[in-house]
Every structure is written in C-alpha cells, then in structure tokens.
Amino acid sequence: MKFDDLQKGWKNQPADMRITIDPALLLSIVKRNKRDLESAVFRRDFREAAIAVILATIFFCFGLHGGWPLFLLGVMCLFVAGYLVCDRMRQRRKRRDIHDTLRGTVESSLHQVTHQIWLLRNVFWWYLLPFSIGLVALIGSAYWDTIKNYDPGYAPITLLFLGIYAASVVLLYWGIYHLNQWAVRKELLPRKRELENLLKSLAEHNELDD
Amino acid sequence: MDDEFEQIFKRWFDEHKRLLFRIVRIYASSLDEQDDLFQEILLHLWKSVPNFKGLAKETTWIYRVALNTALLWRRSRRRRRKRFRKSIINFEDIPASPADSSSAQENHKLFDQLYKAIRQLPVIDSCVVLMHLEGLGYEDMTKVLGISKNHVGVRLNRAKKALARDLKGLLDEI
C-alpha cells in the first residue's frame, strides 16, 4: 500500500468501536465543566484573599489594644494576599488563548510554568519574609514589654516561651519552604523540560530556514 | 448570544466529531484517558467559541484548539478532573464478525497499527502526519503549528519514513 492510498482510507477508516454520545447531555456537561473550572479558580483566589483579610482584621482589632506589632502583622497579611492576587491577575492577562498556534500556546505555557517555578523558589521573599517581619516585631515587642513592665525575674521564662514559639515558627517556615521546593522538583521542572523540548522541536528547522 | 454560541458549538461538534475522536485516539490510549481528553477538548472548544471572529478558517481553529489541548493535556491530572466529571462517551467494542471480508479485517489491522506507529512518533511529527492524513495543505499546517512550510515538509518526510519503517510490509517504502 502506498501512503496516498492510506490517506484516502484514513477518513473512511472502519470503526472497531461504537462510540455513542448523548447530544443533549454533551452541551450541558461541557457548560457545567466550564462553570466548575471557573468557580474552582474563583474559590481558590477568594479563599486565599478572604483568609488574609480575616487575619488582617483580627490583627488590626487586637492591635487597637496590643500595639503596632499586630498592626504590622495585619499589613503584612494584606501585602501577601495582594501580591498573590495581583500576580494571578497579571499572569492570567498574559496567557495566550488555546486557539493560538501550537508554538504560541507552548511558549505561553512555558512562560506560566517558568513563572510558577520562580514564584515557588522565591517563596521566602514574598510569603515567608513579610510574615517573619511581623512575627519578629511581635515577639520582640512582647519580650520588651515583659522585661519593661513586669518583674525582671520573668524575663528568662518569657524568653524560653518566646524561644519555643520562634522555633516552632521557624520549623513551620522550613516545612512550607521545602514543600514548595519539592513541588518545583517533582512537578514543575519535569513539566518545564517537557515544554522546552516541545518548543525546541518546533524551532529547530525554523532556525535553519533563517 | 448564548444561543448563537450553542448553535456554532453543536455544528462544529456534528461536523468534526470524527476528526476530534481521531485526534483523541492518537494522544490518549486507554478508554478512560480518551474520555478525559475528549471532554477537555470539548471544554476548550466551547470556551473558544466567543473568540471565533471568522478571521481564521473554522477547520484551522478547530485543529488549533484540539491539538493544543491534546499536546498540553496532562494525564496525571486525570483523576483530579474525574471527581467532577461524568463520562459522556460510551465505548462499545465491535467484534470482527466472521462475515467480514478479509480486506475489511486487514483494514482494521492496518489502522490499528497505524495509530500505534503514529503514537511512537515525536509529537510534532505526529501532528503533521495527522493533518496530512486529514488532507490539510502545508499552508493550513503552518497556521495551526506556527512553523514554516519548509519545516512542515521536513517533518512530514521524516515522519513518513518512520511510518514506512514501522509498518514494513503494510506500507511501501517512501
């Protein structure tokens, strides 16, 4: 058989499987899938922003009585949430549509993955550090208040308590940081390599053409 | 407006469902995967309808959406998506009947092997072969893939040779 004969037979190839689709069901399911996807994305963004706003409100309320470190912590919560939401909106605007050329779509996906890797690799700077600043201010001021306002004899026990608290926070941060780096290694880097290879195979002959 | 989009989507689906399924069959092997990819392509096709302004040919548009989705589709996310979806396709094997002519049985075998051979090709080559088999010209292929005609030609030649090698005995040397 010649390739041209194969081409002729391709569109009329015999079915070895009967595929039935309920047309009435199809559109409703496709629409529902779209709604589910959009609401899942919205819920995720809303949840993250809402948690930050609630935490910030709590810190601001306690800050009225507890002083500026709690205000600072509230501001840092808003900063992290604001950064995350703005970044998502910016990336969504940059994303190319699925009806672009394959090359354009792969380039866009690669950009998204590269940005995600950058975000997770730098999680310390935009996520952990702002909270750390707030927490260090809070712990420092609590210790300062204790030694200033109470019996200096309480200072060592306060220091011990705050030390345990700080160590727990550091441990939590270490966990968050390494979880993010694990996600980069396990999921994002292989995906990036996959997309780079795809893009390379789309580009290799174009370079020769030039 | 939504009614108009629905009409376009339904027409696209009616006219191109066989093409969509041929694409799905190349990029997903198990029935479970095929159902997932099929739904994924339909979802993107539905989302793309409002953006279709008629500047590109309908077929080019549909190929772009379907191939982009298939190539960026992630098998590993299938289970996560499955929780929210129900199967929309019923697959039913049609056993080869003894009454089938031997040429029909050979055809079955040939296309089965052809699908397997296309799956073995590098992904871009598989896209080019698929579009070639579907009868698309170089011009249309460049619009779908975003590469030059020369590149398409090189890819197609290479893919044809690889297929001839894999389907030795069934397909003549190129």
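Protein chains get the first letters and strands the later ones, always in sequence-line order, with residue 1 at the start of each.
- Proximity to chain A (any heavy atom under 4.5 Å) is shown, for Leu19(B), by neither the backbone nor the side chain.
- If you measure heavy-atom distances from Val65(B) to chain A, the contacts under 4.5 Å come from both the backbone and the side chain.
- In summary, the aromatic rings of Tyr177(A) and Trp125(A) are positioned with their centroids too far apart to meet the 6.0 Å limit.
- A donor atom on one side chain and an acceptor atom on the other are found under 3.5 Å apart for Gln39(B) and Asp35(B).
- Here the closest non-hydrogen pair linking Gln34(B) and Phe21(B) is OE1-CZ, 3.6 Å.
- Contact annotation for Leu114(B): only side-chain heavy atoms (C-beta onward) come within less than 4.5 Å of a heavy atom of chain A.
- With a 4.5 Å cut-off on non-hydrogen atoms, Leu45(B) does not touch chain A at all.
- Checked for salt-bridge contact, Glu194(A) and Arg191(A) meet the test: a charged N lies under 4.0 Å from a carboxylate O.
- Residue with the most contacts toward chain A among His44(B), Lys143(B), Glu134(B), Lys47(B): Glu134(B) (heavy-atom pairs, distance under 4.5 Å).
- Interface remark: of the candidates Leu163(B), Val123(B), Val144(B), Val144(B) forms the most heavy-atom pairs closer than 4.5 Å to chain A.
- For the pair Val85(A) and Ala49(A), the tightest heavy-atom approach, listed with the atom from each and the gap, is CG2-CB, 4.2 Å.
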